[in-house]
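Working notes, beginning with the structure itself.
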Amino acid sequence: MIPTYHQLVYAVTRQVPKGRVTTYGAIADFLGLGASRMVGWALNNRVDDVPAHRVVNRKGELSGRHKFATPTLMAELLEYEGVKIENDQVVEFERLFWSPAAELGDDWEFPG
DNA sequence: TGTTTGACCACGG
DNA sequence: GCCGTGGCCAAAC
């Protein structure tokens, strides 16, 4: 079957290691979609298996925190994984940034 | 079936 | 360096 946009986003998001973060744009670019907005939209359908809290915007801000059970849950989950959050923003975001294109490679494909 | 809406990003002023 | 605007594409209405 042809994976939908959500499934691609979910699959990539699941690859994000604990304690690391990535951006909507990075995922969109990796998938060759060009529409980073869709990544956020897809994660809006928050699925339990997907660590959506590891996805932030290009500034490292927790722009999607309000879509969690509580607005602070996203920060709490990240801090629990060792990612410090300050003022709704990932501390040392550039250092913790995880690039799917660099880590998975261009030949990565949707599993299943 | 056409319009509106997004957890965004890049660019120009 | 901040603010406004356009563009991107798929789902919901």
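Just so it is clear, the structure is predicted and the values come from calculations on it, not from any experiment. Chain naming here is simple, since letters A, B, ... match the order of the sequence lines and numbering starts at 1 in each.
A perpendicular orientation is assigned to the rings of A/His6 and A/Trp41, their planes being inclined by more than 60° (bins at 30° and 60°).
One finds a side-chain N or O of A/His6 lying less than 4.0 angstrom from the OP1 or OP2 phosphate oxygen of C/dA11. Considering only side-chain N and O atoms, A/Ser63 lies under 4.0 angstrom from the phosphate OP1 or OP2 of B/dC8. Phosphate proximity of B/dA7 to A/Asn57: absent, as no side-chain N or O sits under 4.0 Å from OP1 or OP2.
A donor-acceptor contact under 3.5 Å is not formed by the side chain of A/Tyr5 with the base of C/dA10.
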Given A/Arg54 and A/Thr13, is the side-chain contact (heavy atoms from CB on, under 4.5 Å) satisfied, shown in steps?
CA-CA 8 Å; A/Arg54 293 178 191 155; A/Thr13 305; 5.6 Å; no
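Taking atom CG of A/Leu78 as the reference point, atom P of B/dA7 lies 18 Å away to the nearest angstrom. Put simply, NE2 on A/His66 is 11 Å from C1' on B/dA7, counting in whole angstrom units. Distance CG (A/Asp88) to P (B/dA7): 16 Å, rounded to an integer number of Å. For the pair A/Ile27 CD1 and B/dC9 P, the computed distance is 10 Å after rounding to whole Å. As a whole-Å value, the separation of A/Leu8 CG from C/dC8 P is 20 Å. The distance between atom CG of A/Asn44 and atom C1' of C/dA11, rounded to the nearest whole Å, is 11 Å. Atom CG in A/Asp29 sits about 13 Å away from atom C1' in B/dA10, given to the nearest Å. What separates CG of A/Leu33 from P of C/dA11 is a distance of 11 Å, to the nearest Å.
In the set B/dC9, C/dA10, C/dA12, the nucleotide with an atom closest to the side chain of A/Trp41 is C/dA12. Here the side chain of A/Met38 is nearest to one of B/dA7, B/dC9, C/dA10, namely C/dA10. Nearest nucleotide to the A/Lys67 side chain, out of B/dA7, B/dC8, C/dC8: B/dA7.
Within 6.0 Å of atom CD in A/Glu79, more than 12 heavy atoms from other residues, nucleotides or ligands are found, so the atom counts as buried in its surroundings.
Summarising the geometry, atom CG belonging to A/Leu43 is positioned 10.0 Å from atom NZ belonging to A/Lys67; distances are rounded to the nearest 0.5 Å. Atom CD of A/Gln15 and atom CD of A/Glu103 lie 11.0 Å apart (nearest 0.5 Å).
Within 4.0 Å (heavy atoms only), A/Leu62 reaches no atom of the nucleic acid at all.
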